[in-house]
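Chain naming here is simple, since letters A, B, ... match the order of the sequence lines and numbering starts at 1 in each. Given the structure is predicted, the values throughout are model-derived calculations rather than measurements.
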Amino acid sequence: MRFTKGRLAIPELPEVETVRRELEPWLKDRHILGAELIDAVPHVKYANLPNCVGQRIEAVNRRGKFLLLPLDGGDELIIHLGMTGIVTAKKPEKHIRVHLELTDNDTSNHLYFQDTRRFGRFLVVKQGEYKSMPTLHAMGVEPLSDDFTDSVFKAVLQKSSTAIKTYLLSQKPVAGVGNIYADEALWQTKIHPLTPSNKVPAKKIPLLREAIVDILKKSIDAQGTTLNDYRTVNGEVGAYISELKAYGHAGEPCQRCGVILEKSVVGGRGTHSCPYCQKLPKS
DNA sequence: CGCATTTCCTGGTAGC
DNA sequence: TGCTACCAGGAAATGC
């Protein structure tokens, strides 16, 4: 599969972090004056939305791919972009799910959440209470924090025999790794996507950890310098896309060994890997 | 309980 | 050209 013109940029950790940095100066310390649910959507994804009205946004934080906005009344606004979620002050023409009215101190007092494919979430919980959100509740360590060490990563990989690719996507071993970066990190470190997590060779665990960190950091840098408007679907190729070695390159020669890269399905997700470089460990 | 599979949803696109 | 069928994805729900 190739990146075709108009293809959506899937929000992974680097793009969500870019969004967070944009939202912070806009939203921090504003009061929410009104909250309107625009479209008929599964209620659970927009639970308790009216509760945010009257509260002040204390911060704009990120946990994995989730945006967490603590409110001064003890609640927390959670935003997940899913595949197509866009947070914007400019009213979109279609697919608006939420409209917030904010403190009226300039022209940016309206917030719209647009979500074409309805995979996103926009809900209010009591601060830190993620029981209704199993992925967030069981979220692993932040990859860009000092807590993401070799020993921590090794310990969590020992806990599961699930395929390493699937386990990474579960967000349990480390937060924020999506389909693209999972494929990239596994290609980089020559690990077969189906390798049981607890069978990843010990010597490769530090390499995988390092690859995840490096790729995410590099991608954050690329997003920050290349995309002028993170809110829009950008059909042009972003800088990080040109760095991809595996994702989207099935049918092309591996840049390391020249063997044709394969496309497969792992855990129900499109998976790109090199049949020569990425071998399953003998067992 | 743990792991695997299915579901949600819509626009783009391949194929006829 | 117009129609149908299918695919992509993160997280939750369901199945085994």
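- As rounded to whole Å, 16 Å separates atom P of C:dC7 from atom CG of A:Asn179.
- In this model, the phosphate group of C:dA12 is approached by a side-chain N or O of A:Thr135 to a distance below 4.0 Å at OP1 or OP2.
- Each of A:His272, A:Lys165, A:Glu12 was scored for a side-chain hydrogen bond (donor to acceptor under 3.5 Å, both in side chains) with A:Asn179, with one residue passing: A:Lys165.
- Remark: P of C:dG10 and CZ of A:Arg121 are 12 Å apart, rounded to the nearest angstrom.
- Contact check, A:Gln171 against C:dG10: no side-chain N or O comes under 4.0 Å of OP1 or OP2.
- Rounded to whole angstrom, the span from the CG atom of A:Leu123 across to the P atom of C:dA12 amounts to 10 Å.
- In this structure, the NE2 atom of A:His43 is 14 Å from the P atom of C:dA13, given to the nearest Å.
- The OH-C1' distance, from A:Tyr46 to C:dA12, rounds to 15 Å in whole Å.
- The pair A:Lys65-A:Glu15 does not count as a salt bridge, with every side-chain nitrogen at least 4.0 angstrom from each carboxylate oxygen.
- Taking atom NZ of A:Lys165 as the reference point, atom C1' of C:dG9 lies 11 Å away to the nearest angstrom.
- A:Asp183 and A:Lys245 are not joined by a salt bridge, as no carboxylate oxygen comes within less than 4.0 angstrom of a charged side-chain nitrogen.
- Here salt bridge (charged side-chain N to carboxylate O under 4.0 Å, His left out) pairs that include residues 68-91 of chain A, with residues two or more places apart or in two chains, are A:Arg56-A:Asp72, A:Asp75-A:Lys126.
- To the nearest angstrom, C1' of C:dA8 lies 17 Å from CG of A:Leu81.
- Scanning for ring pair (Phe, Tyr, Trp, His ring centres under 6.0 Å) contacts around A:Tyr46 gives an empty result, with sequence neighbours left out.
- The local environment of NZ in A:Lys190 is sparse, with at most 12 non-hydrogen atoms from other residues, nucleotides or ligands closer than 6.0 Å.
- Each end of the helix from B:dG2-C:dC16 to B:dC16-C:dG2 yields a helix axis from five base pairs, and these two axes differ in direction by 50° (to the nearest 10 degrees).
- A:Asp115 and A:Thr84 share a side-chain donor-acceptor pair at under 3.5 Å.
- Atom NZ of A:Lys94 and atom C1' of B:dG12 are 12 Å apart (whole Å).
- Residue contacts for A:Phe66: at a heavy-atom cut-off of 4.0 Å it reaches the sugar-phosphate backbone alone, with no base atom in range.
- Between A:His80 and the phosphate of C:dG10, there is no side-chain N or O to OP1/OP2 separation shorter than 4.0 Å.
- Using a cutoff of 4.0 Å between basic side-chain nitrogens and carboxylate oxygens, A:Asp39 and A:Arg97 are scored as salt-bridged.
- Contact annotation for A:Gly120: no contact, since no heavy-atom pair falls under 4.0 Å across all strands.
- Dense packing is recorded around NZ of A:Lys279, with more than 12 heavy atoms of other residues, nucleotides or ligands lying under 6.0 Å away.
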Collect all protein-nucleotide pairs involving nucleotides 14-16 of chain C in which both atoms are nitrogen or oxygen and the distance is under 3.5 Å.
none

Handout entry: Stepwise side-chain contact (heavy atoms from CB on, under 4.5 Å) test for A:Phe148 and A:Val174
Key = CA-CA 8 Å; A:Phe148 188 36; A:Val174 59; 3.8 Å; yes
Atom pairs, N/O to N/O, protein against nucleotides 3-10 of chain B, distance under 3.5 Å?
unit_1: B:dA4; atom_1: OP2; unit_2: A:Thr162; atom_2: OG1; d: 3.3
unit_1: B:dC9; atom_1: O3'; unit_2: A:Arg118; atom_2: NE; d: 3.2
unit_1: B:dT10; atom_1: OP1; unit_2: A:Arg118; atom_2: NE; d: 2.6
unit_1: B:dT10; atom_1: OP1; unit_2: A:Arg118; atom_2: NH2; d: 3.3
unit_1: B:dT10; atom_1: O2; unit_2: A:Arg117; atom_2: NE; d: 3.2

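- A:Lys154 NZ: 12 or fewer foreign heavy atoms inside a 6.0 Å radius.
- Residues satisfying the ring pair (Phe, Tyr, Trp, His ring centres under 6.0 Å) test with A:Tyr130, not counting sequence neighbours, are none.
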